[in-house]
Amino acid sequence: MNRIRTLTVGVLLVAFCAAPLAGFAADKKAKLKPYTLKVCIVTGDKLGEMGDPFVYDYEGREIKFCCKGCVKDFKKDPAKYIKKIEEEEAKAKKAKS
Ligand SMILES: [Zn+2]
């Protein structure tokens, strides 16, 4: 009887410990690094002026384009545009502080 009880407690403990871990993994997957710039990184045009921006997920990063066509240009050289985004974000941060 005692053994069954220990086993039950053990199973419950494992379930209890694993739940937050599973939640954390799902959370990590769902959370994208937000796109903080107000312009399309490909054309430099203001987002939202030509309708809703086109949102694209690139390796856990959210990128907003002024239109769908810009994704094609982005895909040609993602590293170049990511660098550009990071430079612009750094500039924006500097301007704030
Ligand atoms: Zn565009």
Side-chain angles (χ1 to χ4, degrees):
M1 192 63 181
N2 224 350
R3 199 183 254 179
I4 292 170
R5 204 177 203 180
T6 311
L7 199 75
T8 311
V9 169
V11 167
L12 279 174
L13 254 171
V14 167
F16 184 75
C17 292
L21 279 176
F24 179 72
D27 203 39
K28 209 178 171 190
K29 214 178 179 185
K31 254 187 200 161
L32 294 171
K33 191 181 190 301
Y35 186 76
T36 57
L37 304 179
K38 291 186 173 55
V39 295
C40 172
I41 203 66
V42 175
T43 61
D45 287 340
K46 264 194 184 170
L47 292 171
E49 272 190 351
M50 314 252 288
D52 285 338
F54 184 81
V55 183
Y56 178 70
D57 300 348
Y58 178 75
E59 295 184 354
R61 182 192 278 268
E62 175 190 55
I63 302 171
K64 288 179 186 166
F65 300 97
C66 62
C67 66
K68 213 174 170 182
C70 290
V71 180
K72 265 189 208 163
D73 283 334
F74 173 84
K75 278 181 183 167
K76 276 183 209 160
D77 197 353
K80 181 180 120 186
Y81 290 112
I82 290 291
K83 206 184 155 205
K84 232 174 146 184
I85 290 169
E86 277 171 357
E87 278 170 6
E88 290 299 319
E89 278 179 347
K91 260 192 223 166
K93 258 188 200 168
K94 262 189 196 169
K96 255 185 206 169
S97 56

* Closest approach of T43 to C66 (non-hydrogen atoms, all atoms of both residues) -> OG1-SG, 3.5 Å

Give, for atom [atom1] of [X] and atom [atom2] of [Y], the distance between the pair rounded to the nearest 0.5 Å.
| X | Y | atom1 | atom2 | value |
| --- | --- | --- | --- | --- |
| D52 | C67 | CG | SG | 13.0 Å |
| Y58 | I85 | OH | CD1 | 10.0 Å |
| I82 | I63 | CD1 | CD1 | 4.0 Å |
| E86 | K93 | CD | NZ | 9.5 Å |

* **side chain to side chain donor-acceptor pair (under 3.5 Å) contacts in which one or both residues fall within residues 72-81, not counting sequence neighbours** => D73-K76

* Would you call K84 and E87 a salt bridge, using N to O less than 4.0 angstrom? -> no

* Asked: Are any of the side-chain heavy atoms of F65 and C40 separated by less than 4.5 Å?
  -> yes

* Asked: Do V71 and V42 belong together in a cluster built from hydrophobic side chains that touch within less than 4.5 Å?
  -> yes

* Do L47 and V39 share a hydrophobic cluster, counting only Ile, Leu, Val, Met, Phe, Trp and Tyr and linking them when any side-chain heavy atoms are less than 4.5 Å apart? -> no

* To do: Quickly, which of E59, E62, E89 forms a salt bridge (charged side-chain N to carboxylate O under 4.0 Å, His left out) with K33? Name it, please.
  => E89

